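In what follows, every chain begins at residue 1, and chains take the letters A, B, ... in the order their sequences are listed. Both backbone and side-chain heavy atoms feed into the values below; hydrogens, waters and symmetry mates do not. Source: prediction; values computed, not measured.
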There are 2 protein chains.
Amino acid sequence: MAEQPGRNGTNGRTFDFPRPLTTVDVVVFAVREDALAVLLVQRGAGEGEPFPHAWALPGGFVDIDRDRDLEACARRKLKDKTGVASPYLEQLGSWGSAARDPRGWSATHAYFALLPALAAAPLAADAQWFPLVSGGVKPKLAFDHAEILDAAVKRLRNKVEYTSLPAYLMPAEFTLPDLQKVYEIILDRPLEKSAFRTRMLSADLIEPVARMRRGPNRPAQLYRLKKARAPVFFARTFNPPEG
Amino acid sequence: MAEQPGRNGTNGRTFDFPRPLTTVDVVVFAVREDALAVLLVQRGAGEGEPFPHAWALPGGFVDIDRDRDLEACARRKLKDKTGVASPYLEQLGSWGSAARDPRGWSATHAYFALLPALAAAPLAADAQWFPLVSGGVKPKLAFDHAEILDAAVKRLRNKVEYTSLPAYLMPAEFTLPDLQKVYEIILDRPLEKSAFRTRMLSADLIEPVARMRRGPNRPAQLYRLKKARAPVFFARTFNPPEG
DNA sequence: CATACTTAGTTGTACTGTCAAACTTATATA
DNA sequence: TATATAAGTTTGACAGTACAACTAAGTATG
C-alpha cells in the first residue's frame, strides 16, 4: 500500500495541508423503449455511508494504485457496472465544493458515456436503467448528482444538434429512420426526413451493408458506423431553434 | 486548521486510503498587439518544488479552508495574478494521473478565462503575457500544462466559430471592425465583412453607444456589450471549414 | 388478385443566411 | 479640391434546410 498521503511527498519535502476527496462519476446514457435512459446504482447502507439506499451515478473514489489516470478510472467503474469496455466516453466537467459530500471537501470528475441499447445486457446487481422524464429522473439522487445529470443531459442535447453523437447509441447495424428516431428522442422534436438523410449520407460517417431491414412494409437499407469513426461536427444546427 | 484528512472523516467512519493532490489551473487569454496571448507565471525554486523556474499556468492547490468550491478557487488564483475579479470564466476540463506531478497522483481542474486587453494592467511580479505562436507558447511549460493550454486554444478556436465569446475580449466600447479583427486573430483567417456584421447585429448581443470612433477616415460606430449578456450561440459556424 | 395501408426514400419549390465582390459614404490629409 | 482609407451597404450567386408532395416496395385484406 502507498504511504499515508496527507503528510509526506515523494521527494523529501513536506506539503502539509488537507486534501479534498477525489472521485469519478459517470453518466451512462442509452436509448431504451423509445426514451433516453440513464444508469443509476443504489448506494449501500454501511456505517458512515452518506445517502444510504439513495440512487446515484455510478462512480466512486479514485484508486491511486489501480487507476493510471482519470479516464482509466471512469472506464473501470463503467466496466464494473455494465461489462462494457469501450463505449463513447467524454469528459463532462468537475464539481467540487466543501458542501457536496458530508464526509468533507470533495471534488468529482464527471464523464458521460453513450451505449448501444442492448450493450449492457448483464447489469450489475445494484444497477438499473431509469428513463429520463422532462430532463430528469424520478428518484432523488445522492450528492449533487441531479445537477451533474442535468448538465450531462443539456450537453448531450446541445451536441446532438450539430454532431453525430447519436450514432454511438445505435446497434451494430441500423437504418436511417432508426437513427433519425434516436435524434428525435433526444431532441424531443421531429426532424425533416430529407434534410436529415442528406446530412447523414454526406458526412462520411456510415456505410451501407449488403442487407436490408425487412418488415411489414418497404424494406430499409441497413448501415453501420465506419470503423474507428470519430464524431462528426456539422456546420449548422438542425432546426434554427425558435427565434 | 482542519484535521488531517487522510485518515478520519467527520462522521466517525474511517475511510482509509491515499488521496490524490487536488489543484486548479487557469488558462487566461487576452488579445495583445494583434495576437492571442496567455498569462503564465514562473515557478519558484524552493526545496522540493517541482519544475523550478519553469513557466506554468497560474494555479495551485485547492485550499479547503478558503475555497468554497472549485470556481471560487479559480477566481481567487486569477485575482491574485491579474487583479481582475469577474472575467468570463469557463470550466475546461480536468487532468489527473499518477505521472503528471512528481509529488504523486494528482488531478487538476482547469478553467479558461477571457480578459479585455487592458484589464490586467497591474500584473503580479511573477506573471507575464506570452503571445501564442502557431497554437503554442515559446517556453517549455511545467507539468502537463502544454497539453492543457493546447486543449484551451482548441476549445476557444472551436467555440469562436459559432459563439460570441470574443466579445469578452473587448474593451468596454469597441467598433464592429474591432470585433471582427479579434475573431480573425483567433481563427487566423479573414471573415466576410457583411456576413459578420449581419450576424452580430442580429444577435441581440451589443448595442450602439452615442459616440463614434474617429480616425484618419470614415468614423465607426461604437458599441458595447449588452448588460449581463450570456454568450450567444449561432446556428451556423462561420466558414464551412474547407471540404 | 386487386386494393388499401404503411414506411422508405426522392423530388421540387421556397426561403434563409453566407460568399464574394462591387459600390457608396465619411473623414483626414495633401 | 482631389486622394487615400476605412466604414458600411447593396447585389447576385450559391448551399443547405423547410415544407410538402410524390414515388417505391413491401404486407395485409377483401
Problem set entry | Ring centers of A:Phe143, A:Trp95 separated by less than 6.0 Å | no
Give the nucleotide from the list [options] with an atom nearest to the side chain of [X].
X        : options               : answer
B:Asn217 : D:dG16, D:dT5, D:dA25 : D:dT5
B:Ser194 : D:dG8, D:dT10, D:dC19 : D:dT10
A:Lys193 : C:dG9, D:dA7, D:dG16  : C:dG9
B:Pro219 : C:dA8, D:dA20, C:dA26 : C:dA26

Rounded distance (Å) that lies between atom [atom2] of [N] and atom [atom1] of [X]:
X        : N      : atom1 : atom2 : result
B:Arg189 : C:dC19 : CZ    : C1'   : 13 Å
B:Phe238 : C:dA20 : CZ    : P     : 14 Å
A:Lys181 : C:dA8  : NZ    : P     : 10 Å
B:Glu161 : C:dT18 : CD    : P     : 13 Å
B:Glu192 : D:dA13 : CD    : P     : 17 Å
B:Phe234 : C:dG17 : CZ    : C1'   : 13 Å
A:Tyr183 : D:dT17 : OH    : P     : 12 Å
B:Gln180 : D:dT9  : CD    : P     : 13 Å

Problem set entry | side-chain contact (heavy atoms from CB on, under 4.5 Å) partner of B:Glu147, the single match among B:Leu149, B:Asp150, B:Asp144 | B:Asp144
Exercise. Between CZ of A:Arg211 and CG of A:Leu222, what distance do you get to the nearest 0.5 Å?
Worked result: 5.5 Å
Exercise. If you round to the nearest 0.5 Å, how far is NZ of B:Lys226 from CG of B:Asp204?
Worked result: 3.5 Å
For this session: Can you sort out which residues in residues 207-215 of chain A have a heavy atom within less than 4.0 Å of DNA chain D? Ascending by number, please.
Result: A:Arg214, A:Gly215
Seminar exercise, completed: Residues in residues 195-203 of chain B with a heavy atom under 4.0 Å of DNA chain C, by number, are B:Ala195, B:Arg199
Exercise. What do you reckon, is NZ of A:Lys159 surrounded by more than 12 foreign heavy atoms closer than 6.0 Å?
Worked result: yes
Exercise. Donor-acceptor pair, A:His145 side chain versus A:Ala56 backbone, under 3.5 Å?
Worked result: no
Problem set entry | Trace of the ring pair (Phe, Tyr, Trp, His ring centres under 6.0 Å) decision for A:Phe238 with A:Tyr162 | CA-CA 7 Å; A:Phe238 266 109; A:Tyr162 61 93; 9.9 Å; no
Problem set entry | Donor-acceptor pair between B:Ser94 and B:His109 side chains, under 3.5 angstrom | no
Exercise. If we ignore angles and hydrogens, is there a donor and acceptor under 3.5 Å between the side chains of B:Tyr223 and B:Gln221?
Worked result: no
Exercise. Hey, which of these two, B:Pro216 or B:Gln221, hits DNA chain D nearer its 5' end, going by closest nucleotide?
Worked result: B:Pro216
Problem set entry | Distance-only donor-acceptor test (3.5 Å): side chain B:Arg218, base C:dA26 | no
